[in-house]
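Beneath this line is the structure, given in structure tokens, with notes to follow.
As the structure is a prediction and not an experimental result, all values here were calculated from the model. These values consider heavy atoms only, across backbone and side chains, with no hydrogens, waters or symmetry-generated copies.
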Amino acid sequence: MSNPAEPFDLLLDIAQRSIGNAQGLPAQVDIKPHWSGIGFKLAGHHFVAPMGEVAEILAQPPATRLPGVQAWVRGVSNVRGRLLPLIDLESFFGGALGARKSRRVLALELGDLYTGLIVSEVFGMQHIPTDSFREDIPEMLDPLKPFLAGSYEHNNQVWSVFSPYKLAQNAEFFNAAAT
């Protein structure tokens, strides 16, 4: 070690000690792009709806039954002063919902359409790596195919992408009157 009496030598000594004690740079981490959606369960299958297509998630509120409507219309509920029609989504597709305790409502607000889709369970926001996307749709979900836009495999689970926008454009969905 040099004599620290000279200012330049003192600076050199400080620089060498700093380099000797410096920690390495953090490891390079590859950042994968993710797709985000609201995860929910319906008919025993896992789905995700795009974030922009679900306005809010609610516990199933009490509803007033409506006469002369399809069986899948569970009634209308007052949510913060707005009337929210409640649609049993699983019944709409010909199934039956599971336990009432875990049911949730995905509220949609698409233009003039304000409605709630009752689903079996909601898993909240899902962040899924985009490289796990597949165009194909599981065969057992063929009845829902017009409303699906591919699937993701995430954490050993297939998440089919369900589009409430596509459902809102379906003529049968708007024909709530009993025949």
Side-chain angles (χ1 to χ4, degrees), residues 35-128 130 133-154 157-179:
W35 183 87
S36 298
I38 304 295
F40 64 97
K41 191 174 188 177
L42 186 68
H45 301 281
H46 289 73
F47 297 91
V48 284
M51 292 292 296
E53 297 186 25
V54 176
E56 65 179 312
I57 301 167
L58 306 167
Q60 185 177 350
T64 302
R65 288 232 175 241
L66 299 171
V69 295
Q70 298 280 354
W72 41 266
V73 177
R74 293 293 177 215
V76 64
S77 182
N78 184 343
V79 176
R80 294 182 297 278
R82 292 180 72 187
L83 294 180
L84 179 70
L86 295 175
I87 307 299
D88 179 340
L89 194 56
E90 193 156 331
S91 178
F92 178 76
F93 291 115
L97 283 171
R100 181 175 172 81
K101 187 177 179 182
S102 60
R103 291 182 197 166
R104 294 291 181 265
V105 174
L106 301 176
L108 310 179
E109 197 162 355
L110 309 170
D112 291 337
L113 176 68
Y114 180 60
T115 193
L117 305 176
I118 303 170
V119 297
S120 300
E121 191 173 352
V122 171
F123 302 108
M125 194 180 306
Q126 302 294 311
H127 303 285
I128 303 171
T130 55
F133 181 77
R134 297 185 312 211
E135 296 273 336
D136 58 319
I137 295 168
E139 197 172 293
M140 61 245 177
L141 298 177
D142 277 347
L144 284 77
K145 200 171 189 171
F147 313 105
L148 300 178
S151 61
Y152 290 95
E153 187 164 335
H154 180 57
Q157 183 66 51
V158 174
W159 295 85
S160 297
V161 179
F162 181 86
S163 174
Y165 279 145
K166 290 181 180 178
L167 179 66
Q169 296 169 353
N170 181 275
E172 186 180 342
F173 182 73
F174 275 101
N175 188 12
T179 54

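Shortest non-hydrogen contact noted between Ser77 and Pro62 is OG-O, 2.9 Å. Counting all heavy atoms, side chain and backbone alike, Glu53 lies closest to Pro164 at OE1-CD, 2.9 Å. Taking every heavy atom of both residues into account, Val48 and Trp35 meet most closely at CG2-CZ3, 3.4 Å. Shortest non-hydrogen contact noted between Ala177 and Gln70 is O-NE2, 3.1 Å. The heavy-atom pair separating His127 from Ser36 by the smallest distance is ND1-OG, 2.7 Å. Taking both residues in full, the closest heavy atoms of Ile118 and Gln60 are given as CD1-NE2, 3.6 Å, listed atom of the first, atom of the second, then distance.
For the side-chain hydrogen bond (donor to acceptor under 3.5 Å, both in side chains) test with Ser120, the passing option among Lys41, Arg103, Glu90 is Glu90; the others fail. Residue Val122 is tested with Val105, Val54, Leu58, Leu106 for a side-chain contact (heavy atoms from CB on, under 4.5 Å); the sole match is Leu106.
Residues forming a salt bridge (Lys or Arg N to Asp or Glu O under 4.0 Å) with Glu121 (at least two apart in sequence, or on another chain): none. For Phe93, the ring-ring contact (aromatic ring centres under 6.0 Å, His included) test picks out Phe147, with sequence neighbours left out. With sequence neighbours left out, the side-chain hydrogen bond (donor to acceptor under 3.5 Å, both in side chains) criterion links Gln157 to His46. With sequence neighbours left out, Arg65 forms a salt bridge (Lys or Arg N to Asp or Glu O under 4.0 Å) with no residue at all.
The CH2 atom of Trp159 sits 9.5 Å away from atom CZ of Phe40, with the distance rounded to the nearest 0.5 Å. To the nearest 0.5 Å, atoms CG (Leu148) and CG (Asp136) are separated by 11.5 Å. Atom-to-atom distance recorded for Phe47:CZ and Ser151:OG is 10.5 Å, nearest 0.5 angstrom. Going from atom CG of Leu144 over to atom CG of Leu89 covers 7.5 Å, rounded to the nearest 0.5 Å. Atom CZ of residue Arg104 and atom CD1 of residue Ile57 lie 9.5 Å apart, to the nearest 0.5 angstrom. With rounding to the nearest 0.5 angstrom, the CD atom of Gln126 is 10.5 Å from the CE atom of Met51.
Taking the six-membered ring where tryptophan is involved, the planes of Phe92 and Trp72 are perpendicular, since the angle between them exceeds 60° and thus also 30°.
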Please list, one pair per line, the donor and acceptor atoms closer than 3.5 Å that link side chains of residues 109-117 to other protein atoms, with sequence neighbours excluded.
residue : atom : partner : partner atom : Å
Glu109  : OE2  : Arg82   : NH1          : 3.0
Glu109  : OE2  : Arg82   : NH2          : 3.4
Thr115  : OG1  : Pro85   : O            : 3.1

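Residue pairs that meet the salt bridge (Lys or Arg N to Asp or Glu O under 4.0 Å) test with at least one member in residues 161-179, sequence neighbours left out, do not exist here.
Inter-residue side-chain proximity for Phe173 and Ile87 is flagged as met; some heavy-atom pair is nearer than 4.5 Å.
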